[in-house]
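Please find one structure pasted underneath; my questions will follow.
Remember, it's 1-based here, ligands and their atoms both numbered in the order they're listed.
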Amino acid sequence: MSKRGAFIAIEGLDRSGKSTQASALIKRLEAANVPCKHIKFPDRTTPIGKMIDSYLQSKTELDDHVIHLLFSANRWELASSIVKALEEGTTVVCDRYAFSGIAFSAAKVLPRETTSKDGDSTIPIPTHVLSYEWCRAPEISLPAPDLTFLLEVSPEKAESRGGYGEERYENKEVQEHVRQVFDRIGEEIESSGVGKWVVLDADLDKDEVEQSVWDEVKPFIEHMGVSGPVRKLWDKTREAAMVDALYI
Ligand code: DGP
């Protein structure tokens with residue numbers, strides 16, 4: 001079977017420099033004559049994307065479940081075209097993906113935190129609106145990236161970068177919860193063996209981050225792409241079918 005393109009996702013907290021790094025990676029791939037395609041989620045141009053855009057700018061309010069499913073639907077809108085591009089030998093660089101979907105939704109806590117008495121002290125208990133498992137469910141079976149970068153930025157650095165705080169989610173508390181969920185996702189992806197998860201320090205100078213990204217991507221270029229079919233995220237259907245087959 002001939003090689004296919006690599007699926008590379010760039011994830012991170014707000015103002016971590018994802019978009020800059022995605023563009024820089026595309027430039028390097030083009031310079032190396034690698035067929036490549038740059039996509040970004042949310043894709044705010046589709047009808048679903050326009051609803052998401054309006055929500056992010058706080059022009060509309062939506063139930064937390066509804067907006068989560070819209071973000072996911074926005075990825076499913078493009079899922080088959082991603083697989084097609086990869087199978088045709090195009091490397092796809094994706095600025096945000098399903099992992100942001102889970103992290104930003106599962107990080108949501110109720111505005112008023114519940115408190116419980118522990119002796120004399122009061123411990124704040126963050127009450128999550130949506131469970132991790134519920135948030136992950138609609139992302140199951142989406143095309144799985146071969147390589148995911150998580151750009152970690154400190155709150156101080158993020159705030160010092162332009163435009164921070166203009167949209168929903170861009171505050172320290174939410175970003176800290178998001179960081180914790182990203183860590184959990186990274187552990188799951190690494191242990192599932194479905195793709196590589198690379199954490200990079202995005203407080204560093206952008207050229208240093210760009211070089212670290214390229215060092216990870218280079219082996220894919222040297223091997224002229226990826227062998228084997230595009231895998232699926234958290235896909236248990238094949239395993240379940242194999243177990244069922246044992247009992248037939
Ligand atoms: P960006 O255009 O990359 O700055 O993303 C806009 C904001 O939307 C950012 O705060 C992260 C958030 N976001 C991105 N994807 C998702 C998603 O799938 N679900 C949720 N809840 N938030 C997301």
Practice task
Could you see which bit of E170 sits under 4.0 Å from ligand 1, with heavy atoms only: side chain, backbone, both or neither?
Solution key: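 Answer for E170: neither.
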
Handout entry: Closest protein heavy atom (residue, atom, distance) for atom 22 (N) of ligand 1
Key =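 For atom 22 (N) of ligand 1, the nearest protein heavy atom is F104 CB, 3.2 Å.
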
Problem - Backbone or side-chain N or O of R75 under 3.5 Å from ligand 1 N or O - result: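 Yes.
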
Practice task
Taking the side chain as every heavy atom from C-beta outward, state whether Y132 and E188 have any pair of such atoms under 4.5 Å apart.
Solution key: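 Y132 vs E188: side chains touch.
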
Exercise for the section: Could you tell me whether K18 approaches ligand 1 through its side chain, its backbone, both or neither, with non-hydrogen atoms closer than 4.0 Å? Expected result: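 Answer for K18: side chain.
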
Handout entry: Charged N-O contact under 4.0 Å between E88 and K3
Key =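 No, E88 and K3 are not salt-bridged.
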
Practice task
Number the atoms of ligand 1 from 1 as they appear, then name those within less than 4.0 Å of a heavy atom of K40, with their elements.
Solution key: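 Those of ligand 1 that fall under 4.0 Å from K40 are 1 (P), 2 (O), 3 (O).
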
Handout entry: Test: R231 and D146 ion pair at under 4.0 Å
Key =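 Yes, R231 and D146 are salt-bridged.
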
Exercise for the section: Using a 4.5 Å cut-off on heavy atoms from C-beta on, say whether the side chain of V217 contacts that of L29. Expected result: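 Yes, their side chains come closer than 4.5 Å.
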
Problem - Ligand-side contact atoms (ligand 1) for residue partner Y169, heavy atom cut-off under 4.0 Å - result: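 It comes down to these atoms of ligand 1: 10 (O), 12 (C), 21 (N), 22 (N).
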
Handout entry: Which residue and heavy atom of the protein sit nearest atom 21 (N) of ligand 1, plus the separation
Key =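 In this structure, atom 21 (N) of ligand 1 has S105 OG, 3.1 Å as its nearest protein heavy atom.
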
Practice task
Examine E167 against ligand 1 and note whether any of their N/O atoms are separated by less than 3.5 Å.
Solution key: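 In fact, backbone or side chain, E167 has no N or O that close.
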
Problem - Student check: side-chain heavy atoms of R44 and I52 closer than 4.5 Å - result: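 Heavy-atom side-chain distance check fails, nothing below 4.5 Å.
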
Problem - F149 and K18, any side-chain heavy atoms less than 4.5 Å apart - result: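 A side-chain contact under 4.5 Å is absent here.
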
Handout entry: For atom 14 (C) of ligand 1, closest protein heavy-atom neighbour
Key =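 Heavy-atom neighbour on the protein nearest atom 14 (C) of ligand 1: R96 CD, 3.5 Å.
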
Handout entry: ligand 1 N/O within reach of K108 N/O, cut-off under 3.5 Å
Key =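 No.
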
Exercise for the section: If a pair satisfies salt bridge (charged side-chain N to carboxylate O under 4.0 Å, His left out) and one of its residues is in residues 189-206, list it, with sequence neighbours excluded. Expected result: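 Counting only pairs at least two positions apart or across chains, the salt bridge (charged side-chain N to carboxylate O under 4.0 Å, His left out) contacts touching residues 189-206 are K196-E216.
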
Handout entry: Nearest non-hydrogen protein atom, atom 6 (C) of ligand 1
Key =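 Scanning the protein heavy atoms, the shortest distance from atom 6 (C) of ligand 1 goes to R44 NH2, 3.4 Å.
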
Problem - Residues in side-chain hydrogen bond (donor to acceptor under 3.5 Å, both in side chains) contact with E208, at least two apart in sequence or another chain - result: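 Partners of E208 by the side-chain hydrogen bond (donor to acceptor under 3.5 Å, both in side chains) criterion come out as none, since no residue qualifies.
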
Practice task
Compare L56, D14, D95 and give the one whose heavy atom is closest to atom 4 (O) of ligand 1.
Solution key: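 Selected option, by shortest heavy-atom distance: D14.
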
Exercise for the section: Would you please say whether a donor-acceptor pair under 3.5 Å links the side chains of Q211 and D207? Expected result: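 Checked: Q211/D207 side chains show no N/O donor-acceptor pair below 3.5 Å.
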
Practice task
Please identify which atoms of ligand 1 are closer than 4.0 Å to at least one heavy atom of G101.
Solution key: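 Under 4.0 Å from G101, ligand 1 has these atoms: 17 (C), 18 (O), 19 (N).
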
